[in-house]
Amino acid sequence: MTIKTVQANLNEFNLTEMFDIVYSSGTLTYLSPSLREEKFKNYKEHTNIGGLNVFNVFVEKPFIETAPDWGTNEYFYRSGDLLNYYWDWEIISFEEIIFDCNSSGVPHKHAMNIMIARKVHP
């Protein structure tokens, strides 16, 4: 098995090879909302039949304050946004969690959607 990692500006980067798994944990926060449809289409097109897209994204909740270390180039998703991009794939797992964090040295909470989707057709 080969694992390939990529370090790139998500707003400028497109996949050009086929993959069995496309994975991102939290980094899709940096993807501009105006580019999401295009980028998720690219991820889906470059996933092999039977392959998985596994993503965790931070979601906005009115009852959770924005994290103290949240940057100006970070963008929340709304609950279920990932499902809209993957309506034509098999959703193996989808959940929303709220968890405690101390990433900035200040205790706070995050909400996150976690999705595993399988490509079942071209």
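There is no side-chain donor-acceptor pair under 3.5 Å between S32 and K39.
A side-chain donor-acceptor contact under 3.5 Å links N113 to the backbone of G80. Of the possible polar contacts, none joining the N73 side chain to the Y30 backbone as a donor-acceptor pair under 3.5 Å is found.
Summarising the geometry, atom CG belonging to N48 is positioned 10.5 Å from atom CD1 belonging to I21; distances are rounded to the nearest 0.5 Å. Of the inter-residue distances, the one linking H121 atom NE2 with I49 atom CD1 reads 7.5 Å to the nearest 0.5 angstrom. Interatomic distance, K41 NZ to N14 CG, rounded to the nearest 0.5 Å: 11.0 Å. Of the inter-residue distances, the one linking N53 atom CG with H46 atom NE2 reads 12.0 Å to the nearest 0.5 angstrom. Going from atom OG1 of T27 over to atom CD of E74 covers 11.0 Å, rounded to the nearest 0.5 Å.
Of all heavy-atom pairs between K119 and E45, the closest is NZ-O, 3.9 Å. Between N56 and S25 the shortest heavy-atom distance is ND2-OG, 3.0 Å.
Looking at residues two or more places apart in sequence or on another chain, you find a side chain to side chain contact (heavy atoms under 4.5 Å, CB included) between S104 and P68, D69, V106, H108. Partners of R78 under the side chain to side chain contact (heavy atoms under 4.5 Å, CB included) rule, at least two apart in sequence or in another chain, are D81. By the side chain to side chain contact (heavy atoms under 4.5 Å, CB included) test, N102 pairs with P107, sequence neighbours left out. Residues that satisfy the salt bridge (charged side-chain N to carboxylate O under 4.0 Å, His left out) test with E90, not counting sequence neighbours, are R118.
By the 6.0 Å contact criterion, CD on E65 is open, its count of non-hydrogen atoms from other residues, nucleotides or ligands being 12 or less.
Other residues sharing the hydrophobic cluster of Y43, ordered by chain and number and joined by side-chain separations under 4.5 Å: V6, L10, F13, L15, F19, V22, L28, L31, L35, F40, F55, V57, V59, Y77, L82, L83, Y85, Y86, W89, I91, F94, M115. Clustering of Ile, Leu, Val, Met, Phe, Trp and Tyr by side-chain heavy atoms under 4.5 Å joins I97 with F58, W70, F76, F99, M112, I114.
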